[in-house]
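Scroll down for the structure; my scribbles are underneath it.
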Amino acid sequence: MNSSASSQTWSQRFESALHPAIAAFNASIGFDIELIEFDLTGSQAHAMMLAHTGIISPAEGEQLVAGLEQIRQEYREGKFQPGIEAEDVHFAVERRLTELVGDVGKKLHTARSRNDQVGTDTRLYLRAQISQIRRQLLDFQAVLLRLAEQHIETLSCTSRQYGFKQD
C-alpha cells in the first residue's frame with residue numbers, strides 16, 4: 001500500500017501530512033487488524049442488504065461482495081497487509097475495495113456509520129471469541145472429569161495415610 005499523504009482520510013483538511021509520531025499514535029491498524037475477517041463478513045452482509053433494498057443495483061452488490069472476498073483471500077495469503085498509513089482496518093478495506101472495484105467501492109458505506117461498522121465488527125468478534133472459550137471450557141471440563149475418574153481413590157488413600165477421618 002502506498003503511504004502518500006493524499007491517501008489519508010484527513011488530507012483535505014490540512015496543508016501538510018501529520019508528523020510521523022502523531023500518525024503512529026493515531027493509527028489503530030496494529031491491533032484492529034484482528035477484526036478484518038469480521039469487518040469483511042459484516043461488509044458483505046451490508047452490501048447484500050444495500051442491493052436487496054434497491055439502494056444499489058444487484059450488479060453493484062455482487063461487485064462489492066466479490067471484491068470483499070478477494071480482500072479476504074489476499075489477507076489470508078499474506079498479500080494484503082495494511083501498514084500504519086491505513087490508519088485502521090475499516091479504511092484499509094475501503095481503500096483496497098475501491099482499488100479493486102472502482103468507485104462502486106465507495107458505495108459500501110451508504111446507510112452505515114463508522115460506529116455501526118465498529119459495533120458490528122466487535123459483536124461478531126466477541127461472538128466468535130465466546131464460542132471458542134465455550135469449546136475450551138468444555139474441553140477443560142472433560143479433562144477434569146477424566147482425571148477425577150482416574151484418581152477416584154486418590155483422596156481417600158491419602159486421607160487414610162495421614163489419619164484423616166472419613167465419613
Worksheet item: What residue among Leu108, Thr41, Leu100, Asp39 forms side-chain contact (heavy atoms from CB on, under 4.5 Å) with Leu68?
Response: Leu108
Shortest non-hydrogen contact from [X] to [Y]?
{"X": "Gln63", "Y": "Val104", "result": "OE1-CG1, 3.8 Å"}
{"X": "Pro58", "Y": "Ala51", "result": "CA-CB, 4.1 Å"}
{"X": "Ile33", "Y": "Pro82", "result": "CD1-CG, 3.8 Å"}

Less than 4.5 Å apart, side chain to side chain, heavy atoms only: is that true for [X] and [Y]?
{"X": "Arg72", "Y": "Gln44", "value": "yes"}
{"X": "Thr110", "Y": "Lys107", "value": "yes"}
{"X": "Ser43", "Y": "Arg112", "value": "yes"}
{"X": "Leu64", "Y": "Ile56", "value": "yes"}
{"X": "Tyr75", "Y": "Glu37", "value": "yes"}
{"X": "Thr120", "Y": "Arg123", "value": "yes"}
{"X": "Arg96", "Y": "Glu74", "value": "yes"}
{"X": "His90", "Y": "Asp121", "value": "yes"}

Item to complete: Considering only NZ, NE, NH1 and NH2 on the basic side and carboxylate oxygens on the acidic side, decide whether Glu149 and Arg146 come within less than 4.0 Å.
Response: no
Worksheet item: Any salt bridge between Arg114 and Glu94, counting N to O under 4.0 Å?
Response: yes
Discussion item. With a 3.5 Å distance limit and no angle check, can you tell me whether Asp32 reaches the backbone of Leu35 through a side-chain donor-acceptor pair?
Written reply: no
Practice prompt. Check whether any side-chain N or O of Asp116 sits under 3.5 Å from a backbone N or O of Ser113 as a donor-acceptor pair, and report yes or no.
Written response: yes
Fill in: Heavy-atom neighbours of Arg76 CZ exceed 12 at 6.0 Å
yes
Item to complete: Can you establish whether the number of heavy atoms outside Glu69 located under 6.0 Å from its atom CD is more than 12?
Response: yes
Item to complete: Dump the intermediate steps for side chain to side chain contact (heavy atoms under 4.5 Å, CB included) on Val65 and Glu62, then the final yes or no.
Response: CA-CA 5 Å; Val65 170; Glu62 289 174 16; 5.8 Å; no
Discussion item. Could you see if Met49 belongs to whatever hydrophobic cluster contains Leu40? Use Ile, Leu, Val, Met, Phe, Trp, Tyr and a side-chain cutoff under 4.5 Å.
Written reply: yes
Worksheet item: Checking side chain to side chain contact (heavy atoms under 4.5 Å, CB included) for the pair Leu147/Gln150: CA distance, chi angles, key distance, verdict?
Response: CA-CA 5 Å; Leu147 285 171; Gln150 290 172 1; 3.8 Å; yes
Response to the item:
By ring-ring contact (aromatic ring centres under 6.0 Å, His included), Phe38 pairs with (sequence neighbours left out) Tyr125
Worksheet item: Should Gln73 and Lys79 be marked as a side chain to side chain contact (heavy atoms under 4.5 Å, CB included) after you check the CA-CA gap, both sets of side-chain angles, and the distance that decides it?
Response: CA-CA 8 Å; Gln73 289 309 313; Lys79 296 176 184 173; over 6 Å; no
Worksheet item: Can you tell me how far the CZ atom of Arg135 sits from the CD1 atom of Ile130, to the nearest 0.5 Å?
Response: 12.0 Å
Discussion item. Can you tell me how far apart CD1 (Ile55) and CD (Glu60) are? Round to the nearest 0.5 Å.
Written reply: 11.5 Å
